[in-house]
Amino acid sequence: MQERIVTRFAPSPTGYLHVGGARTALFNWLWARHTGGTFILRIEDTDQKRNTPTAAQQVMDDLRWLGIQWDQGPEAGGDNGPYLQSQRRDIYDKYIKELLDKKKAYYCFETAEELDTLRKQAEAQKQGFVYRRPTEFPSTEDAEKARARGRPVTVRFAVPDESVMVQDIVRGVITFAAGEIGDFIIRKSDGFPTYNFACVVDDRLMNVTHIIRGQEHLNNTPGQQALWQALFSDEPLPKYAHMSVTVSDTGGKLSKRERPKALRTAIRHALSVAEGTMQDPAQAPPAKAGVDLDRLAEAGGIAREQLDSFVNGDTTPDMPIVGAMAQYLGVALPEINIVDFFKSGYLPEAMVNFLALLGWNPGDNREVMVLDELIEAFDLARLAKANSLFDRQKLLAFNTEHARLVPGETLLMHFKNYLEEVESPVACAEDQLLSRIVRLCEGARTLADIERKCRFLFLDNDEIEYDDKAVKKVLLKNDGLGVLAVVRDKLAVMNELTDQAIEDMLRSLAEEKQVGLGKVAQPLRVAICGTTISLPIFDSVEMLGKENALTRIDNTLRKFGTHIYEEKA
RNA sequence: GGCCCCAUCGUCUAGGUAGGCCUAGGACACCGGGUUUUCAACCCGGCAACAGGGGUUCGAAUCCCCUUGGGGCUACCA
């Protein structure tokens, strides 16, 4: 009988869900869905120093946003709970005692510093560090005494002295020589189990059949396999699939450190622009020259000294602080966490599609796929061995495609969620209006693009900010202001401002003046939006309304072309 | 340093497990051109790869070895 397939995603709640984790979760989920199996979410919170209280919740929010639902786990229940490892300590203790009793594990009392010295010695001799096992294992009494003396007490697994063969779905058979795997710690001095121990126990107890995870875990596998044999020798091993790693375009594994790194670079650039010491101005990121470091620190909610330390490269502030400072500077940071992509206006459908294609493909030329297609086509046998680079441009292309593909109501829903998240003034708009806006934005690349195009509708008339380039190019050249004044008078005498009527008016004016439509439409656009980027101009004017449109045109004429305006008046 | 993994256009990849169907296919990016009320989108066309060296074979992108390059792990983190 074919046993039911069970997969799991087991994040440690140390921060937001990042793309790497999301991809791991997705592949496990897809495999479970493809096979009609079960997908478990397990929170590996065994490190008290690194866990943050809100992280687990955030990770769950992000998974839900992506559309990844877990069958068992926190907030879902299931027969194999609890699903937080911190609540399973009695279980781990029971198994550790069993190993200790069978002399398959033993107590150790070295301090971290002592171990570090041993490690350095091994490296100096060009050897890998392997913990040397005592000939006689310390007794429980020895452990008590050591503890009383203030020594840290840990428990190590006595790894059998034999070679281990790991059967991996994507990589085939990998052999690890005997003696290569050192006795690793399974219980820390604070009493918590280590990852390598807890995950083996839980995978067995939760009946996990397939362990799909990143290649970074490949070297842990022989040890975990040996543990499994010691604990559950009568149960078949789970199947392993070690996926390729997603690497960043800056080299190396895609990591959350990239955001603070990018911010630091931007600040340094801005400072060197101000000092005139910049090496290559062409390479500069779009940061304003000159930074008021005191104000920047204030924007991030940190002390000036902390900021200096960050800029010097000595310390790194928390993610929200980094985000706040980037926003203050107007610098776009590379998205790493799933929420970053949400805030940049990406669609979950596009994220999932893109993530799925990182190290996997359906075997034909299909690329743009919806969830059901992915589930149907997914197969562990088609996982790629080679690492893949996270290509943001391709993601953008996928997003554009999915924005077009997704049903109108869905896109509207995503847009509303996005507006809430970024606290846009557009958020107050009614569904009917938003729906029209979204329809007018066919071909937009992200939700941020849509927001940018319609934002002007939701600002007060005196809140319009004029883009320098747009003003120079459209208003101050080729008599843009003169044309605008004519458009203003035509608009003023129109009874009904429908998009059609506005189009007719602008087109006939263009014809009359023997110029393209752009020549008459662009000044009007800049006048009511402040920029050259907006919804189609006819609809823009209609939605704004006659009164607001005229006010904005008058404001523009007054601000940039006083004399022209006065002549008219 | 030790151990492990990987290697096709700039990028993601198909083809590799059955060597000839590959003058190596698709997509993104890029470059030309078209369309156009802005930004996008859209349409047409183009550029572009089997890391190097040895084998095995009638024949290798495909199998083997070496070199080089990239990545991962090397914690009382997961």
Side-chain angles (χ1 to χ4, degrees), chain A residues 10-14 44-47 49-50 108 110-112 115-116 119 122-130 152-156 166 168 170-172 174-177 180-182 184-190 192 194-196 198-199 214-222 242 244-245 247 249 251-253 354 357-368 381 384-398 400 403-404 441-445 449 452-453 470 474 503 506-507 510 516-522 524-526 529 531-538 540:
Chain A
S12 66
T14 55
E44 308 222 325
D45 54 347
T46 54
D47 186 343
K49 291 184 283 290
R50 296 206 320 157
C108 306
E110 287 88 356
T111 63
L115 289 169
D116 205 42
R119 232 170 255 123
E123 188 164 335
Q125 290 166 41
K126 302 194 172 200
Q127 304 220 309
F129 171 68
V130 178
V153 177
T154 59
V155 178
R156 279 180 195 267
V166 173
D168 188 88
V170 343
R171 281 157 221 288
I174 303 145
T175 308
F176 295 83
E180 231 169 53
I181 314 151
F184 53 92
I185 291 177
I186 57 177
R187 184 164 66 197
K188 313 181 218 178
S189 56
D190 66 2
F192 276 82
T194 59
Y195 157 75
N196 274 312
C199 86
Q215 194 208 124
E216 62 267 25
H217 291 288
L218 195 52
N219 286 309
N220 294 144
T221 309
H242 286 96
S244 58
V245 171
V247 298
D249 45 12
K253 190 162 72 159
F354 178 71
L357 256 26
L358 246 30
W360 174 82
N361 70 79
D364 49 38
N365 280 339
R366 276 185 297 170
E367 289 202 329
V368 174
K385 293 178 182 175
N387 289 171
S388 45
L389 190 135
F390 192 85
D391 182 354
R392 293 166 191 284
Q393 286 184 309
K394 185 122 184 176
L395 204 214
L396 236 200
F398 271 89
T400 310
R404 192 196 315 281
C441 288
E442 206 206 320
R445 316 211 71 178
D449 285 352
R452 191 161 48 115
K453 282 181 169 191
V474 176
E503 175 166 4
L506 288 173
R507 281 198 193 280
L517 185 54
K519 285 279 180 289
V520 297
Q522 283 300 78
L524 176 58
R525 192 189 305 277
V526 174
C529 308
T531 79
T532 57
I533 301 167
S534 79
L535 301 172
I537 187 65
F538 319 128
S540 290

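Reckoned from all heavy atoms, side chains included, excluding hydrogens, waters and symmetry mates. The chains referred to below are lettered A, B, ... by the order of the sequence lines, with proteins before strands, and numbering in each begins at 1.
With A/R366 contributing its side chain and A/N361 its backbone, the two residues share no donor-acceptor pair below 3.5 Å. A/R171 places a side-chain N or O within 3.5 Å of a backbone atom of A/H242 that can act as its donor or acceptor partner. A donor-acceptor contact shorter than 3.5 Å is absent between the side chain of A/D168 and the backbone of A/I174.
Residues A/N387 and A/Q215 are in side-chain contact: their nearest non-hydrogen atoms beyond the backbone lie under 4.5 Å apart. You'll find the side chain of A/K453 reaches within 4.5 Å of the side chain of A/I533, heavy atoms only.
Taking the side-chain contact (heavy atoms from CB on, under 4.5 Å) definition, one finds that A/E442 meets it with A/R404, sequence neighbours left out. Qualifying side-chain contact (heavy atoms from CB on, under 4.5 Å) partners for A/A198, counting only residues two or more places apart in sequence or in other chains: A/Q85, A/Y92, A/P193. Evaluation of the side-chain contact (heavy atoms from CB on, under 4.5 Å) rule for A/K188 yields A/T46, A/D47, A/D190, A/F192, A/T194 as partners, not counting sequence neighbours. Under the side-chain contact (heavy atoms from CB on, under 4.5 Å) criterion, A/S189 pairs with A/P152, A/T154, sequence neighbours left out.
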Checklist entry - What string of B, S and - do you get for nucleotides 72-78 of chain B, 5' to 3', when a contact is any protein heavy atom under 4.0 Å? => result BS-SBBB
Checklist outcome for this item: In 5'-to-3' order, the base (B), backbone-only (S) or no-contact (-) status of each nucleotide in nucleotides 25-41 of chain B, using a 4.0 angstrom heavy-atom cut-off, is BBBSS-------BBBBS
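Straight-line distance between the C1' atoms of B/C9 and B/A48: roughly 5 Å, to the nearest whole Å. Comparing the same atom, P, in B/G34 and in B/G71 gives a spacing of 43 Å after rounding to whole Å. Nucleotides B/G25 and B/G16, compared at atom C1', are 15 Å apart to the nearest Å. Rounded to whole Å, the C1' atom of B/U56 lies 16 Å from the corresponding atom of B/G20. Straight-line distance between the P atoms of B/G53 and B/G45: roughly 36 Å, to the nearest whole Å. With both ends at atom P, the span from B/C3 to B/C66 equals 14 Å, rounded to whole Å. B/A51 and B/G70 have their C1' atoms separated by 11 Å, with the value rounded to a whole Å.
Using a 30° and 60° split on the angle between ring planes, A/Y195 and A/H217 fall in the tilted class, from 30° to 60°.
Distance A/H242 NE2 to B/G71 P: 20 Å, rounded to the nearest Å. Separating the CZ atom of A/F390 from the P atom of B/U13 is a distance of 13 Å, rounded to the nearest angstrom. If you measure from atom CG of A/D168 to atom C1' of B/C6, you get 13 Å, rounded to the nearest angstrom. Counting to the nearest Å, the C1' atom of B/C12 and the CG atom of A/L358 are 8 Å from each other. In this structure, CG of A/L357 is placed 13 Å from C1' of B/U11, rounded to the nearest angstrom.
Pairing of B/U17, defined by two Watson-Crick or G-U wobble distances under 3.5 Å, is not identified with any nucleotide. Across all strands shown, B/G34 is found opposite B/C42 as a Watson-Crick or G-U wobble partner, with both distances under 3.5 Å. Pair assignment for B/C50: none, as no Watson-Crick or G-U wobble contacts are both less than 3.5 Å. Across every strand in view, B/U68 sits in a pair with B/A7 that passes the Watson-Crick or G-U test at under 3.5 angstrom. The base-pairing partner of B/A75, taking Watson-Crick or G-U wobble contacts with both distances under 3.5 Å, does not exist among the strands shown.
Each of A/Q127 and A/A384 has a nearest nucleotide on RNA chain B; the 5'-most of these lies closest to A/Q127. For the pair A/G128 and A/R171, nearest-nucleotide mapping onto RNA chain B gives the more 5' position to A/G128.
Under 3.5 Å, the side chains of A/R50 and A/T14 contain no donor-acceptor pair of N or O atoms.
Neither OP1 nor OP2 of B/U13 sits under 4.0 Å from any side-chain N or O of A/N361.
If you check every strand for non-hydrogen atoms under 4.0 Å, A/G182 touches nothing.
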